[in-house]
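Below you'll find the structure, written out as structure tokens, and then a few comments.
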2 protein chains.
Amino acid sequence: MNNSEILIIDDEVQIRKLLNITLQSNDFKVIEAASAGEGLIMAANHPPDLILLDLGLPDESGHSVLKKLREWYAKPIIILSVLSSEEDIVKALDNGANDYLIKPFRTGELLARIRSALRVTSHEDKGPLVDCNNLQIDLSARTVKKNNEIIKLTATEYTLLSLFAKNEGKVLTHHYLLQQVWGPGYIDQSQYLRVFIAQLRKKIEEDPNQPKFIITESGVGYRFVIDK
Amino acid sequence: MNNSEILIIDDEVQIRKLLNITLQSNDFKVIEAASAGEGLIMAANHPPDLILLDLGLPDESGHSVLKKLREWYAKPIIILSVLSSEEDIVKALDNGANDYLIKPFRTGELLARIRSALRVTSHEDKGPLVDCNNLQIDLSARTVKKNNEIIKLTATEYTLLSLFAKNEGKVLTHHYLLQQVWGPGYIDQSQYLRVFIAQLRKKIEEDPNQPKFIITESGVGYRFVIDK
DNA sequence: ATTTCATTTGAAAATATTTTAAGTAAATGA
DNA sequence: TCATTTACTTAAAATATTTTCAAATGAAAT
């Protein structure tokens, strides 16, 4: 099973069709955007697990789209482009692209490069078994245990908690959390955050009224601590 | 500055020479191996930050070397090969290669792909900029500790203290502090400053009546000192 | 079509922070 | 030294933020 979601940003219908069929038949979920503007909005409202970006878009340069995405988007971006000059390749890679394929590309190779990119970035999550204190978060198994009982967390709750676990001790601002969990289109929806923090505390804290793990930093954000 | 160490595993002397010069002039440290056996040993004895691996080695198939490396080596491996078949590329990527360049390659592109691979795998933990004297201010985590206990500071208190920390030893005028913390509309509200300085002292000073960290410069402003 | 579960939205109650004000202490300059 | 200015402390009033609860919406699964 795969389930990773891939956003295609490309103005050519035929390419999108081809990619869509190829990817779907390999168990990826696919969403499509036909322009830079559309792509940026879709990425912001529903961040995918990987982005395939064409450099030759009608409304805005692909390099510029790449830069805008990289201001907040940390997952893989693979460039697909007819441009084959070394200059374009180097520029794209240095602007944060993870890979660069020249059109026309071989679909088998594209799939392998997608698998590789997803493997590498998820590999980073695999801090084996990260936290302890009658609370165990296993980022590689995607499980959370309290007193050795597995706790059921929804997708959003887990994303939020894993962000905290990866940044133990640091204050994470509302802005940052909303951007990473919901996407940059939601940076002023602090209410979402409050509701989900409350749910998380209900599930992982001994006494949700006296939280020991998720500490409120009023006016700023939240901080995750594990006292050792 | 760079300092990353790269291991080249390739049997062709000319390629190794070329790579060596290119990489060294880009501030990489380079080590070379001319065969699979040699490469595996060197990698094991002194694990580099990245490996450039040729698939066409005399003593052992590159694919096999790749598999052996991946049993324990987690950092980037980039394949350099004359083999351009999709089969080889897919196989290498699925065996754990991070990237695959077909020889002859463009050096600029190789360098960019090396930078990209290193960027992705290195999760840069910012060195926490700290001040010491049983008082620790971690600007990247946004936390302040006194005697190793985290002190709760409000947003305004923290902004003020971090301003002091960033300007240790300098006298900061009322005017400047008010402008930086509250904004230019508040430059004559020195009362705010007095209240918040008092609160800060209560929280961080051993004896708030004999402040050691935040020193009053009467008529001018305040100065933050840490005696080492 | 129905049920279930997660997410979103809204609004009152509880907390925390900032501002204001008033009394006291300390520093400065003639 | 005294008069004056500047600084400190404290606590209440005013604001702002966070928590909590619950209902509405939406999406997926049967």
Side-chain angles (χ1 to χ4, degrees), chain A residues 1 3 5 29 31 44-47 142 144 151-161 164 171-175 177-178 180-183 185-205 207-224, chain B residues 142 144 150-161 164 171-178 180-183 185-224:
Chain A
M1 264 322 80
N3 249 350
E5 204 166 299
K29 226 180 143 246
I31 41 180
N45 288 332
H46 187 68
R142 224 197 119 90
V144 179
I151 301 178
K152 265 197 111 182
L153 293 182
T154 70
T156 312
E157 288 163 3
Y158 180 81
T159 310
L160 190 53
L161 182 59
F164 277 123
V171 175
L172 303 180
T173 63
H174 300 139
H175 184 95
L177 289 168
L178 286 162
Q180 294 301 311
V181 178
W182 283 269
Y186 293 76
I187 45 172
D188 45 3
Q189 300 289 321
S190 14
Q191 177 62 3
Y192 288 16
L193 202 44
R194 302 212 175 96
V195 171
F196 277 81
I197 292 286
Q199 283 170 357
L200 263 184
R201 294 217 255 231
K202 227 180 280 178
K203 291 187 181 184
I204 67 169
E205 297 281 2
D207 176 5
N209 292 62
Q210 307 256 302
K212 295 273 177 259
F213 292 117
I214 300 175
I215 309 297
T216 302
E217 297 283 345
S218 203
V220 184
Y222 295 90
R223 187 161 44 88
F224 185 72
Chain B
R142 221 206 95 102
V144 178
I150 285 189
I151 301 178
K152 262 206 122 184
L153 294 183
T154 70
T156 312
E157 288 162 4
Y158 180 82
T159 310
L160 190 53
L161 181 58
F164 279 124
V171 176
L172 303 181
T173 63
H174 300 142
H175 184 95
Y176 175 81
L177 289 167
L178 285 162
Q180 292 299 310
V181 178
W182 283 269
Y186 293 74
I187 45 173
D188 46 2
Q189 300 288 319
S190 13
Q191 174 61 6
Y192 286 17
L193 254 185
R194 302 209 179 98
V195 171
F196 277 83
I197 293 286
Q199 283 171 357
L200 260 185
R201 281 178 174 157
K202 222 183 284 178
K203 291 186 180 183
I204 68 170
E205 297 281 1
E206 218 56 64
D207 176 5
N209 292 57
Q210 307 259 302
K212 295 270 178 262
F213 291 119
I214 300 175
I215 309 298
T216 302
E217 298 285 346
S218 204
V220 186
Y222 297 91
R223 189 160 46 88
F224 185 72

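Within every chain, numbering begins at 1; the chains are lettered A, B, ... in the order of the sequence lines, protein sequences first and strands thereafter.
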Scan A:Y222 against the nucleic acid and name what it touches under 4.0 Å (heavy atoms): base, sugar-phosphate only, or nothing.
->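 Sugar-phosphate contact only - A:Y222 comes under 4.0 Å of backbone atoms but never of a base.
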Quick one: label B:T156 by what it contacts on the DNA or RNA (base, sugar-phosphate, nothing), any heavy atom closer than 4.0 Å.
->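 The residue B:T156 makes sugar-phosphate contact but no base contact.
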Please give, in whole Å, the distance from [N] [atom2] to [X] [atom1]?
X      : N      : atom1 : atom2 : result
B:Y192 : D:dA7  : OH    : P     : 17 Å
A:F196 : D:dT19 : CZ    : C1'   : 15 Å
B:Q189 : D:dA7  : CD    : P     : 14 Å
B:Q199 : D:dT10 : CD    : P     : 11 Å
A:D207 : D:dT19 : CG    : P     : 14 Å
B:Q210 : D:dT9  : CD    : P     : 11 Å

Residue-phosphate contact under 4.0 Å: B:H174 side-chain N/O, D:dT6 OP1/OP2 =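 Negative; the distance criterion is not met.
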Rounded distance (nearest 0.5 Å) linking atom [atom1] of [X] with atom [atom2] of [Y]:
X      : Y      : atom1 : atom2 : value
A:F164 : A:I197 : CZ    : CD1   : 4.0 Å
A:Q180 : A:T173 : CD    : OG1   : 9.5 Å
A:F224 : A:I215 : CZ    : CD1   : 9.5 Å
B:L200 : B:I204 : CG    : CD1   : 5.5 Å
A:T216 : A:R201 : OG1   : CZ    : 4.0 Å

Covered region of DNA chain C, 5' end to 3' end, by chain A [heavy atoms, under 4.0 Å] =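 Both ends considered, the range comes out as C:dA6 to C:dT17.
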Taking the side chain as every heavy atom from C-beta outward, state whether A:K203 and A:L161 have any pair of such atoms under 4.5 Å apart.
->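 A:K203 vs A:L161: side chains apart.
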Taking the side chain as every heavy atom from C-beta outward, state whether B:L160 and B:L193 have any pair of such atoms under 4.5 Å apart.
->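 Of all side-chain heavy-atom pairs linking B:L193 with B:L160, at least one is under 4.5 Å.
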Return all side-chain donor-acceptor pairs below 3.5 angstrom for residues 185-192 of chain A, not counting sequence neighbours, or 'none' if the list is empty.
none

Distances for protein N/O vs nucleotides 20-30 of chain D N/O pairs under 3.5 angstrom?
from	atom 1	to	atom 2	distance (Å)
D:dT20	O4	A:Q191	NE2	3.4

Report the C-alpha distance between A:Y222 and A:R194 in whole Å, list the side-chain angles of each, state the deciding distance to 0.1 Å, and finish with yes or no for side chain to side chain contact (heavy atoms under 4.5 Å, CB included).
-> CA-CA 10 Å; A:Y222 295 90; A:R194 302 212 175 96; 4.3 Å; yes
